[in-house]
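Protein chains get the first letters and strands the later ones, always in sequence-line order, with residue 1 at the start of each. These numbers come from a predicted model, not from an experiment.
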There are 2 protein chains.
Amino acid sequence: MEAVFEVLAEPNRRRILDLLRTSERPVGDLVVRLGLSQPAVSKHLRVLREAGLVGVRSDAQRRIYRLRTEPLRAVDAWLEPYRSLWEDRLDALERHLDAMPDDPGPPDGPHGPG
Amino acid sequence: MEAVFEVLAEPNRRRILDLLRTSERPVGDLVVRLGLSQPAVSKHLRVLREAGLVGVRSDAQRRIYRLRTEPLRAVDAWLEPYRSLWEDRLDALERHLDAMPDDPGPPDGPHGPG
DNA sequence: CGCGTGTATTTCTTGACAGGCATATAACCG
DNA sequence: CGGTTATATGCCTGTCAAGAAATACACGCG
């Protein structure tokens with residue numbers, strides 16, 4: 001799952017996946033729904049395809065794209081050990097810890113501002 | 001969860017999270033274990049902190065970093081509708097579809113190579 | 001074959017970011 | 001205060017990805 005996160009980092013690519021999650025679609029459909037140029041969509045699809053996140057099928061001149069789940073399973077697998085951190089009864093403790101501020105530090109030092 | 005994926009896209013940052021998943025650690029410890037320069041680690045920690053993925057606590061001169069799970073929960077939430085795609089009985093069907101090749105296309109056109 | 005639609009690729013420019021080094025800041029010690 | 005350790009920031013450079021425009025390719029049609 002080397003590069004999957006990099007691919008998912010692009011918001012429009014996630015939008016494409018979200019669109020393909022419900023049903024497979026030709027490129028033109030994605031172009032309309034995303035409001036991007038056709039070459040831009042095509043490039044994103046290439047990236048997604050090289051990452052194994054989508055698959056293609058040819059229908060005459062059209063190319064029908066659909067979701068492929070395997071890389072997402074890898075992400076899910078990476079996330080799994082983390083998930084146990086909030087799915088356990090440790091939940092309450094975790095929330096308490098997360099509520100603590102990020103130690104902004106003293107603004108003017110131990111001897112005071114003036 | 002706007003920028004979480006971008007932050008996670010960096011492999012060394014994921015390594016940092018993996019290290020912090022088991023226990024909180026000071027910066028120097030991360031430097032040793034990652035084999036990166038101290039400034040590099042410090043910069044990654046800044047990014048992680050601004051994304052809310054880690055928190056800091058001061059211990060004398062040391063700064064102890066620990067994991068914060070909230071952004072990862074957001075990723076998990078994004079993944080949830082996808083997860084149902086392979087956690088259902090549709091699993092077998094999905095696998096079958098994923099096994100299909102990516103339509104490489106004809107190598108030399110309809111009239112043949114020669 | 002030549003045309004038209006639908007999609008992919010090339011080329012260029014621009015911007016973001018990782019990593020290194022040098023250096024600034026902060027906390028502790030005497 | 002000066003010195004030392006621990007961490008953060010600034011500056012610089014190489015790399016790489018995104019975006020736009022032009023163009024090439026694939027397929028069906030007649």
Side-chain angles (χ1 to χ4, degrees), chain A residues 2-16 20 24-51 53-66 102-113, chain B residues 2-16 19-20 24-51 54-66 102-113:
Chain A
E2 308 280 337
V4 186
F5 279 105
E6 292 178 17
V7 174
L8 293 178
E10 228 290 324
N12 285 320
R13 288 200 283 259
R14 289 202 305 278
R15 290 176 67 199
I16 289 177
L20 295 181
E24 58 181 24
R25 300 177 190 276
V27 178
D29 186 40
L30 294 171
V31 169
V32 170
R33 291 178 192 263
L34 294 170
L36 298 179
S37 72
Q38 178 269 314
V41 173
S42 209
K43 274 207 241 178
H44 283 311
L45 286 171
R46 180 193 177 91
V47 173
L48 287 166
R49 194 149 57 93
E50 288 178 345
L53 279 158
V54 302
V56 204
R57 165 170 59 94
S58 286
D59 175 55
Q61 310 100 310
R62 272 177 291 185
R63 308 263 286 167
I64 313 285
Y65 280 81
R66 66 178 179 74
D102 263 17
D103 183 64
D108 43 46
H111 34 248
Chain B
E2 310 278 336
V4 185
F5 279 105
E6 292 179 16
V7 174
L8 293 179
E10 227 292 321
N12 286 320
R13 287 199 284 260
R14 288 201 305 279
R15 292 176 66 199
I16 289 176
L19 286 169
L20 294 182
E24 57 181 24
R25 301 178 190 278
V27 178
D29 186 40
L30 294 172
V31 169
V32 171
R33 291 177 193 263
L34 294 171
L36 296 179
S37 70
Q38 177 268 315
V41 173
S42 209
K43 282 181 204 174
H44 282 309
L45 287 171
R46 180 193 176 91
V47 173
L48 287 166
R49 194 148 57 93
E50 287 178 346
V54 302
V56 205
R57 166 169 59 94
S58 286
D59 175 55
Q61 310 100 309
R62 273 177 291 187
R63 307 263 288 167
I64 314 285
Y65 280 81
R66 66 179 179 73
D102 263 17
D103 183 65
D108 46 44
H111 35 247

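Of the candidates D/dA20, D/dG10, C/dA8, D/dA20 carries the atom nearest the A/Lys43 side chain, counting heavy atoms from C-beta on. Relative to the side chain of A/Pro39, the nucleotides D/dA22, D/dT7, C/dA22 differ in distance, and D/dA22 lies closest. Comparing atom distances between the A/Arg13 side chain and each of C/dG20, D/dA6, D/dA18 picks out D/dA18 as nearest.
Judged by distance alone with a 3.5 Å cut-off, no donor-acceptor contact links the side chain of A/Glu10 to the base of D/dA17. Interface remark: the A/Glu6 side chain does not form any donor-acceptor pair with the D/dA17 base, using a distance-only criterion of under 3.5 Å.
When the side-chain nitrogen and oxygen atoms of B/Arg46 are compared with OP1 and OP2 of D/dA8, none of them lie within a distance under 4.0 Å. In terms of phosphate contacts, B/Ser37 brings a side-chain nitrogen or oxygen within less than 4.0 Å of OP1 or OP2 of C/dG20. At C/dG6, none of the side-chain N or O atoms of A/Arg63 fall inside 4.0 Å of OP1 or OP2 (strictly under the cut-off). An OP1 or OP2 oxygen of D/dA18 is reached within less than 4.0 angstrom by no side-chain nitrogen or oxygen of A/Asn12. One finds a side-chain N or O of B/His44 lying less than 4.0 angstrom from the OP1 or OP2 phosphate oxygen of C/dG19.
Contact annotation for A/Pro26: backbone-only contact, meaning every heavy-atom pair under 4.0 Å involves sugar-phosphate atoms and none involves a base. Using a 4.0 Å heavy-atom criterion, one finds that A/Ala60 contacts the sugar-phosphate atoms exclusively. Among the atoms of the strands shown, base atoms are found under 4.0 Å from some heavy atom of B/Ser42.
The nearest whole Å value for the distance from the CG atom in A/Leu8 to the P atom in D/dA18 is 12 Å. Between the CG atom of B/Asp29 and the P atom of D/dT7 there is a distance of 10 Å, rounded to whole Å. Taking atom CZ of residue A/Arg49 and atom P of nucleotide C/dA8, one finds them 7 Å apart after rounding to whole Å. Atom-to-atom, OH of A/Tyr65 to C1' of C/dT7 comes out at 8 Å; the value is rounded to the nearest Å. Spacing between atom CG of B/Leu36 and atom P of D/dT7 amounts to 15 Å, rounded to whole angstrom units. Distance, B/Gln61 CD to C/dA24 P: 20 Å, rounded to whole Å. Look at CG on B/Leu34: it is 14 Å from C1' on C/dA18, rounded to the nearest Å. Residue A/Asp59 contributes atom CG, which lies 11 Å from atom C1' of C/dG6 at whole-angstrom precision.
The side chain to side chain contact (heavy atoms under 4.5 Å, CB included) test with A/Arg13 singles out one residue from A/Val7, A/Val54, A/Leu53, and that residue is A/Val7.
In terms of heavy atoms, B/Leu36 sits closest to B/His44 at CD1-CD2, 4.3 Å. Among all heavy-atom pairs drawn from B/Val27 and B/Tyr65, the shortest one is CG2-CE1, 3.5 Å. Residues B/Arg62 and B/Pro26 approach most closely at CD-CB, 4.0 Å, considering heavy atoms.
Counting only distance, with no hydrogens or angles, the side chain of B/Arg25 and the backbone of B/Leu19 share a donor-acceptor pair below 3.5 Å.
Heavy-atom nearest nucleotides on DNA chain D were determined for A/Ala40 and for B/Arg62, and the one closer to the 5' end corresponds to B/Arg62.
With a 4.5 Å cut-off on side-chain heavy atoms, B/Leu45 and B/Arg63 do not count as touching.
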